[in-house]
Amino acid sequence: MEEVAPELLVRESKHRDNTLPDLKGVVGEVRMRMAPNPSGPLHIGHSRMAVLNDEYVKRYGGICYNRFEDTDPARIDPSGYDTIPADLDWLGVKIHKTVIQSDRFEIYYDIAKKLLEMGKAYVCTCKIDAWRDLKNHKKACEHREQPLDEQMVRWDKMFDGSYKPEEASIVVKTDLQHPNPAIRDFVALRIDDTPHPRTGSKYRVYPLMNLSVAIDDHLLDLTHVLRGKDHLNNTHRQEYIYDYFGWKRPEYIHYGRVSVEDAQLSTSKMANGIKEGLYTSWDDPQLGTLASMRRRGVRSEAIRRYWVETGIKEVDIEFSWKTLFTFNRELIDDGANRYFFVNDPIRFTFSGTDSELVAKAPFHPEHPERGTREMRVAPGAHVFIDRNDLKDSPTRLRLKDLCNVELKEDRMIYAGNDLSVLKEGVHIVHWVPGNAVPAEVLMTDGSTKNGLAEPLLSKAHESVVQLERFAFVRVESVSPTIRCVFTHK
RNA sequence: GCUCCCGUGGUGUAGUCCGGCCAAUCAUCCCAGCCUUUCGAGCUGGUCACCCGGGUUCAAAUCCCGGCGGGAGCACCA
């Protein structure tokens, strides 16, 4: 082969083995992290970072941390400490170690104090606006070059309560002449008297992310850091801290913004919506949370495939529900048994035969071995079909898996069982017999479809099924009535 | 305004570093046909892209210059 047609072998190697590009600078194992703020459950946007980290750690071997970034006591929803690990677990993301930043305040204080001693930071008691204004004009404030002993006195006063919030902060020096105003001196610690959900009022000096993140990324000895490109400037700021201590920087990879059409992803807006009754809970099908996806019967594998195929470029992207649902349909179709559900039912009385008819509808067209659902229709019995199927005023219809019928007002007359009528343009519709049971489907716009389902659907509790010609749904409960949640078409 | 980043079909991506094998890959959407007792699945076919303008070169999606467009940041949030 090599001798006859070597070019064929070369071509072969051009194909990618993995959709995700290789990481730069990998030596042995890899150490990565995700850094959620425990302010609520994870949503579809968060899942990108989680999946990508997990994929790489699995590819190269190594460890993945979950680090709760809870250094702003005012922006914590304590439920996040439980829901986030559950969401990650559902996604199939393997967390090797969990780190909680609110356990580590003393560590941040230590390092900050060292920066002070090194002359790389200062205690600033300027008014916030005045300080920012000076910075924007590349000017130092009066506190920047104060002698160390004076700085230490003021440092202590931050902790003992002498200063109120906003009256003092620790600022890390960078380069006041830096052309990018976003990179010049940045605040590293501040005072806040809001009680922290985990540490109460024990601490009042809180690190800001650029300090705590730099310290933890270093202490955890991370090799690669994945983050949104909104952190580009933060990365530059953090590099100053790395350089002051001579720490080795991890590889930083920034990925672009994801805009998700038709989805509420703002944690605070979702929380408000729940409070106001707009949404029932975090797993309301209207929301873009992972909890909602799970409830609707979306498989985490579909979400993982979506992010792997999307990759990790710095360009901004538009998320496509259609594509995600296509991936999901591929996963669930084989396992989803078929049932009839008639939305907006119209009642007909069946006639035209002497004996009872029995429909034997397969649970799955590709899996005859799963058997059939039997539905019986006797002369004089009722049959319901969807009002929507009457739109074009058909005179004849085919009741799927049962027989052909002629429609006359509210009567349905048996018209044989010859499938060839389909060639004449007769449409096949789904239907339910007189002993159908009420069922409702919770839609993603918050509305509910109330209809009738074949009785056997009540045996499909907890499974994802296809309501033929309607949609895939997850059967959430079966008593007192059947309730399903819309998955997708 | 300042700083940085980025521009391949509707969407996401491959190719860009080291110019030719790219009249541009794959997936998804969309359209048409076939098949099927679902509007699901399957099969076949189709439409649609290198932001623009110069330059270098035998040759440019790929290199250079200039435009234009988009995004992020300029918080005592993360």
Side-chain angles (χ1 to χ4, degrees), chain A residues 7 10-11 14-16 19-21 35-39 69-72 74-75 101 124 126 128 131-132 135-136 165-171 178-184 186-192 205-210 212-213 227-237 254 256-259 261 267 305-327 329-330 332-334 336 338-340 359 361-362 364-366 388-389 398-404 417 419 421-422 426-430 466-472 488-489:
Chain A
E7 71 279 6
V10 175
R11 285 267 187 122
K14 275 192 157 182
H15 288 286
R16 292 187 306 165
T19 328
L20 284 176
N37 180 309
S39 57
E69 308 221 315
D70 55 349
T71 54
D72 180 358
R75 282 190 53 207
Q101 291 195 314
C124 181
C126 288
I128 295 173
W131 177 77
R132 194 183 302 146
K135 195 172 74 156
N136 285 340
E166 300 199 349
E167 284 184 352
S169 64
I170 308 293
V171 177
H178 196 109
N180 184 351
I183 307 296
R184 298 175 202 151
F186 61 89
V187 178
L189 286 307
R190 55 151 184 169
I191 299 168
D192 193 336
V205 178
Y206 291 95
L208 264 7
M209 63 105 66
N210 283 311
S212 51
V213 165
R227 45 174 31 171
K229 74 177 192 185
D230 46 321
H231 286 298
L232 234 20
N233 285 332
N234 288 322
T235 297
H236 293 313
R237 289 169 168 171
H254 298 92
R257 255 182 60 127
V258 182
S259 66
E261 30 155 12
T267 304
R305 178 178 166 201
Y306 187 91
W307 291 127
V308 167
E309 293 203 4
T310 294
I312 190 165
K313 296 208 302 189
E314 213 172 290
V315 292
D316 298 333
I317 56 160
E318 268 177 55
F319 179 83
S320 164
W321 290 107
K322 271 190 175 171
T323 302
L324 174 68
F325 292 153
T326 297
F327 292 166
R329 191 180 302 113
E330 235 168 77
I332 63 174
D333 186 36
D334 195 68
R338 270 56 172 170
Y339 295 92
F340 286 158
H364 193 112
E366 265 104 65
N388 200 245
D389 285 326
R398 165 95 192 159
L399 299 181
K400 186 168 184 287
D401 301 307
L402 186 71
C403 66
N404 305 329
N417 200 11
L419 275 174
V421 297
L422 299 181
V426 172
H427 287 120
I428 298 170
V429 302
H430 60 290
Q466 189 203 52
L467 302 180
E468 290 193 46
R469 298 180 70 238
F470 179 79
F472 289 91
H488 47 66
K489 274 281 180 195

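Predicted, not measured: the structure shown is a model, and the values here were computed from it. Below, chain A is the first sequence line, B the second, and so on; all start at residue 1.
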So do [Y] and [X] actually touch side chain to side chain, heavy atoms under 4.5 Å?
X      : Y      : value
A:R227 : A:V213 : yes
A:L419 : A:R398 : yes
A:E261 : A:W321 : yes
A:H430 : A:D389 : yes
A:R257 : A:V315 : no

Between [N] and [M], how far apart are the two [atom1] atoms, rounded to whole Å?
N     : M     : atom1 : value
B:C22 : B:U8  : C1'   : 12 Å
B:U36 : B:C29 : C1'   : 23 Å
B:U13 : B:C58 : P     : 36 Å
B:G66 : B:U3  : P     : 15 Å

Using whole Å, report how far [atom1] of [X] lies from [atom2] of [N].
X      : N     : atom1 : atom2 : result
A:K313 : B:C26 : NZ    : C1'   : 13 Å
A:F186 : B:U3  : CZ    : C1'   : 17 Å
A:I183 : B:A72 : CD1   : P     : 17 Å
A:E318 : B:G70 : CD    : C1'   : 12 Å
A:I317 : B:A72 : CD1   : P     : 14 Å
A:R257 : B:G12 : CZ    : P     : 13 Å
A:D316 : B:U11 : CG    : C1'   : 14 Å
A:K229 : B:A72 : NZ    : P     : 7 Å

Quiz item: How does protein reach along nucleotides 28-38 of chain B, written 5' to 3' as B (base within reach of a heavy atom under 4.0 Å), S (only sugar-phosphate), or - (no contact)?
Solution: SSS------BB
Practice problem: Classify the side chain of A:E314 and the base of B:G7 as holding, or not holding, a donor-acceptor pair under 3.5 Å. | Solution: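 Side chain to base: no pair below 3.5 Å.
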Name the pairs: protein N/O against N/O of nucleotides 74-78 of chain B, kept only if under 3.5 Å.
from, atom 1, to, atom 2, distance (Å)
B:A75, OP2, A:R132, NE, 3.3
B:C76, OP1, A:R132, NH2, 3.2
B:C76, N4, A:E166, O, 2.8
B:C77, OP1, A:R190, NH1, 2.3
B:C77, OP2, A:R190, NE, 3.1
B:C77, O2', A:D72, OD2, 3.2
B:C77, O2', A:R75, NH1, 2.3
B:C77, O2, A:R75, NH1, 2.8
B:A78, OP1, A:T71, OG1, 2.7
B:A78, OP2, A:M209, N, 3.0
B:A78, O3', A:E69, OE1, 2.8
B:A78, N6, A:N234, ND2, 3.1

Self-check item: Test of ring centre spacing under 6.0 Å for A:Y306 and A:F319
Solution: yes
Practice problem: Can you sort out the partners of A:R132 under salt bridge (Lys or Arg N to Asp or Glu O under 4.0 Å), two or more places apart, ordered by chain and number? | Solution: A:D129
Self-check item: Base-pairing string, 5' to 3', of RNA chain B - Watson-Crick or wobble, under 3.5 Å, | interstrand
Solution: (((((((..(((.......[.....))).(((((.......)))))....(((((..]....))))))))))))....
Practice problem: Report yes or no: does A:R184 contribute a side-chain atom to a donor-acceptor pair with the main-chain N or O of A:A182 at less than 3.5 Å? | Solution: no
Quiz item: Ignoring hydrogens and geometry, is there a side-chain-to-backbone donor-acceptor pair from A:H231 to A:H254 under 3.5 Å?
Solution: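 Judged by distance alone, no pair lies under 3.5 Å.
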Exercise. Only counting residues at least two apart or in another chain, list the ones meeting side-chain contact (heavy atoms from CB on, under 4.5 Å) with A:E318.
Key: A:S259
Self-check item: side-chain contact (heavy atoms from CB on, under 4.5 Å) partners of A:H236, counting only residues at least two apart
Solution: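 For A:H236, the residues satisfying side-chain contact (heavy atoms from CB on, under 4.5 Å) (neighbours in sequence not counted) are A:I183, A:N233, A:E239.
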